[in-house]
Amino acid sequence: MASLTIRIIREEHAALAAMLRSILLLIEQHRREATQPDFGTLRAMLFYVDEFPEQRHHRKESALLFPKLRARTPLSRDLLDKLDEDHARGEHLIRELEHLLLGFEMLGEVRRDAFERAAQRYVDFYLNHMALEEREILPLAERVLTARDWADLDDAFAANRDPLAGHDPQPDYRALFTRIVGIVPAPIGLGPAGVGAAHQLS
Ligand SMILES: [Fe+2]
Ligand SMILES: [Fe+2]
């Protein structure tokens with residue numbers, strides 16, 4: 001049974017994947033050109049990842065979707081445990097990455113490698129995490145959850161949607177999202193064509 005929840009999860013994954021790839025493209029471009037990135041831009045991008053996917057998207061999964069799945073089926077318990085652990089680990093890793101970026105900004109070249117390596121690891125980690133959810137968990141949810149489960153989930157998932165997945169940001173977040181949308185390439189954002197073209201190839 002297709003549901004609004006499944007659509008929201010897929011849209012939020014696509015928005016996060018686009019953001020993560022944009023972060024890597026930005027970093028690679030500055031490494032190639034031996035220039036320093038605009039640290040304010042990178043801070044805004046990492047802050048978004050910390051604020052929306054980490055604090056909201058993953059919490060909705062761990063607090064709402066996964067418990068309903070555990071209640072309906074003994075299947076995939078180990079995988080759900082692993083994904084819950086990923087959510088906790090991700091919150092820690094994004095803070096660490098924000099700190100490593102600050103180190104690069106404050107101390108310069110000597111800290112570039114550590115930041116770049118951690119950014120690559122974080123992006124790989126989350127792309128794998130989301131792929132696993134889409135391949136294993138969403139199809140399982142479609143098989144075992146009831147109409148009542150979906151109604152509960154749809155209300156909760158629709159309540160705080162990710163502005164980068166095409167929804168109006170709350171007033172407090174408007175300035176941040178205007179800034180971010182200018183960086184991330186289409187179709188998620190309105191970023192420069194060059195970055196968008198590179199994104200298509202990645
Ligand atoms: Fe997740
Ligand atoms: Fe997810």
Side-chain angles (χ1 to χ4, degrees), residues 1-24 45-98 118-146 149-167 169-170 173 176-177 180-181 184-185 187-189 199 202:
M1 176 178 172
S3 77
L4 179 64
T5 296
I6 299 277
R7 190 152 53 84
I8 292 172
I9 289 176
R10 288 187 187 280
E11 284 173 3
E12 292 185 352
H13 283 181
L16 176 55
M19 173 59 81
L20 294 174
R21 292 194 172 105
S22 297
I23 290 171
L24 289 187
M45 294 165 100
L46 293 185
F47 179 74
Y48 152 81
V49 174
D50 191 351
E51 195 81 357
F52 277 85
E54 289 289 359
Q55 305 289 330
R56 298 175 185 228
H57 174 87
H58 296 122
R59 293 225 173 132
K60 285 186 287 191
E61 291 170 341
S62 274
L64 303 167
L65 175 64
F66 295 176
K68 282 194 188 298
L69 275 171
R70 286 194 169 95
R72 295 283 174 213
T73 177
L75 295 172
S76 296
R77 291 265 164 90
D78 289 350
L79 179 57
L80 289 169
D81 288 348
K82 181 216 166 335
L83 293 169
D84 273 333
E85 279 163 25
D86 281 357
H87 290 162
R89 194 166 150 229
E91 274 195 61
H92 171 73
L93 290 176
I94 190 69
R95 299 288 160 78
E96 195 177 88
L97 192 56
E98 287 175 290
Q120 182 71 59
R121 277 198 307 273
Y122 181 81
V123 171
D124 291 345
F125 165 69
Y126 257 121
L127 293 179
N128 285 332
H129 172 88
M130 293 189 292
L132 208 50
E133 286 176 340
E134 295 199 9
R135 201 173 61 236
E136 305 287 338
I137 295 303
L138 300 187
L140 179 66
E142 286 178 316
R143 283 206 306 281
V144 303
L145 296 188
T146 65
D149 290 333
W150 288 119
D152 292 348
L153 289 171
D154 287 354
D155 285 349
F157 271 76
N160 57 35
R161 297 174 75 166
D162 185 339
L164 270 194
H167 303 281
Q170 293 156 354
Y173 287 107
L176 174 68
F177 281 95
I180 283 175
V181 161
V184 182
I188 302 292
H199 169 66
S202 68

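Counting starts at 1 for both ligands and their atoms, following the listed order. Because only heavy atoms are used, hydrogens play no part in the values below, and waters and symmetry mates are left out as well, while side chains stay in.
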Which of the N/O/S atoms in [X] sits closest to the Fe ion (ligand 1)?
X      : answer
His129 : NE2
Glu61  : OE1
Glu133 : OE2

* To do: Scan side-chain atoms only and decide if Glu61 and His57 contain a donor-acceptor pair under the 3.5 Å cut-off.
  => yes

* Check the pair His129, Glu133 against side chain to side chain donor-acceptor pair (under 3.5 Å), reporting the backbone distance first and the verdict last. => CA-CA 6 Å; His129 172 88; Glu133 286 176 340; 2.8 Å; yes

* Closest approach of Leu65 to Ala141 (non-hydrogen atoms, all atoms of both residues) ->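 Heavy atoms of Leu65 and Ala141 come nearest at CD1-CB, 4.4 Å.
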
* Nearest heavy atoms of Asp86 and Tyr126, plus distance in Å -> O-OH, 3.6 Å

* Within the stated cut-off of 2.8 Å, is an N/O/S atom of His58 closer than that to the Fe ion (ligand 2)? -> no

* Asked: Checking only N/O/S atoms, does His87 have one that is under 2.8 Å from the Fe ion (ligand 1)?
  -> yes

* Asked: Under 3.5 Å, side chain of Asp50 to main-chain N/O of Leu46, donor-acceptor pair present?
  ->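 Here the side-chain-to-backbone pair does not exist.
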
